[in-house]
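A note on names: the letters A, B, ... follow the listed sequences, proteins ahead of strands, and every chain is numbered from 1.
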There are 2 protein chains.
Amino acid sequence: MSNLKFSRQRETIKEYLANTKEHPTADMIYMSIRETNPNISLGTVYRNLNLLVDQGEIIKISHGTGSDRFDGNPKPHYHFVCTACSCVQDIELAPGALDHINLIASANFNGEIKGHSTFFYGHCANCKR
Amino acid sequence: MSNLKFSRQRETIKEYLANTKEHPTADMIYMSIRETNPNISLGTVYRNLNLLVDQGEIIKISHGTGSDRFDGNPKPHYHFVCTACSCVQDIELAPGALDHINLIASANFNGEIKGHSTFFYGHCANCKR
DNA sequence: TTACCTGCAAACCATTTGCAGATCC
DNA sequence: GGATCTGCAAATGGTTTGCAGGTAA
């Protein structure tokens, strides 16, 4: 409803997310931006992250353990979480590659399944040996 | 390491979870048990829930939004979360029915995928219309 | 007797929010 | 000028923890 105004802080956050593959937490973003913009506050980082999520410009990743992480790529895609180092990585899948599991799950279910949320676990390339 | 002693509180919690399909939060469990056991504390509920999870006797369900929920059925199975009423329900699937998605995800991934965590979303039987 | 367990309350952590002033349009 | 934004700091909500006393084996 309300129209967004330009905000240097929000631009900085968006730009930071566009240039990292780290899937950082709000605090990681805060720490990093503070190096060039020492006055920014953590509250502002959270407020803008939520705004950007609402606008569909970024994605919030809530995988059970630890703080939420954020992804500058708003296209739906899957994520991998390393059980050793806790890093989060993108998983490249053809669009819709897992859509069929909604049907599998629907087979014996009474309600209406509209989607799913999946995280893959294991050891990342650095942690496997 | 340490051996568990009998505890009336822990038994009560286990029994409560064994007899509900609600997938309650720690607080729901606390509120309910307090009706017959007014002295129990929320800290004790949390401590025992974590112990039971460590023992593999119950499961903790951490789906992004809201408090964690607990399931008295320790066998791995899938869950559905209603986007309307927030209820959590079991999804009955043949064991291993979705194991193949690990292979799909592994195809273009560098690390070693050992498992996945999936929640289904939609409207439950009560909320669809 | 001695682990382990409890209630209580305070601590913790991630996130949100109220406020008074600054900024964009 | 007025709505939207900011920094700050306090509040919130869920969960954990330290402590001193209680209980099972």
If you assign each of A:G43 and A:L51 to its closest nucleotide in DNA chain D, which residue comes earlier from the 5' end?
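So the residue in question is A:L51.
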
Whole angstroms only, please: what is the [atom1]-[atom2] distance between [X] and [N]?
X: B:D68; N: C:dC13; atom1: CG; atom2: C1'; answer: 14 Å
X: B:N37; N: C:dC5; atom1: CG; atom2: C1'; answer: 14 Å
X: A:L42; N: D:dC8; atom1: CG; atom2: P; answer: 11 Å
X: A:N39; N: C:dG21; atom1: CG; atom2: P; answer: 18 Å
X: A:E11; N: C:dT23; atom1: CD; atom2: P; answer: 17 Å
X: B:Y30; N: D:dG13; atom1: OH; atom2: P; answer: 16 Å
X: B:M28; N: D:dG13; atom1: CE; atom2: C1'; answer: 16 Å
X: A:R8; N: C:dC24; atom1: CZ; atom2: P; answer: 10 Å

Selection from [options] that lies nearest to any side-chain heavy atom of [X]:
X: B:S67; options: D:dA25, D:dG7, D:dG14; answer: D:dG14
X: B:L4; options: C:dC5, D:dA25, C:dC24; answer: C:dC5
X: B:K5; options: D:dC19, C:dT23, C:dC4; answer: C:dC4
X: B:Q9; options: C:dT16, D:dT6, C:dT6; answer: C:dT6
X: A:Y46; options: C:dT6, C:dT15, D:dT6; answer: C:dT15
X: B:R47; options: C:dC5, D:dT16, D:dT17; answer: D:dT17
X: A:S7; options: C:dC25, D:dT16, D:dC5; answer: D:dC5

Check whether any side-chain nitrogen or oxygen of B:T44 sits under 4.0 Å from OP1 or OP2 of C:dG7, and answer yes or no.
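It does, given that an N or O in the side chain of B:T44 lies less than 4.0 Å from OP1 or OP2 of C:dG7.
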
Strictly below 4.0 Å: does A:N48 bring a side-chain N or O up to OP1 or OP2 of D:dT6?
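Result: yes.
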
Tell me, yes or no, whether the heavy-atom count around B:N73 atom CG, taken from other residues, nucleotides or ligands under 6.0 Å, exceeds 12.
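Yes - once you tally the heavy atoms of other residues, nucleotides and ligands closer than 6.0 Å, there are more than 12.
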
Applying a 4.0 Å non-hydrogen cut-off, can you work out what B:N50 is touching in the nucleic acid: base, sugar-phosphate, or nothing?
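Contact class for B:N50: sugar-phosphate only.
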
Sub-3.5 Å donor-acceptor pair from the side chain of [X] to the main-chain atoms of [Y], do we have one?
X: B:N37; Y: B:I33; answer: no
X: A:T12; Y: A:R8; answer: yes
X: B:T83; Y: B:G122; answer: yes

How close do B:F119 and B:I61 get, counting heavy atoms only, and between which atoms?
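Of all heavy-atom pairs spanning B:F119 and B:I61, the closest is CE2-CG2, 3.4 Å.
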
Residue mapping more 5' on DNA chain C - nearest nucleotide basis, B:F6 or A:F70
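Closer to the 5' end of DNA chain C: B:F6.
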
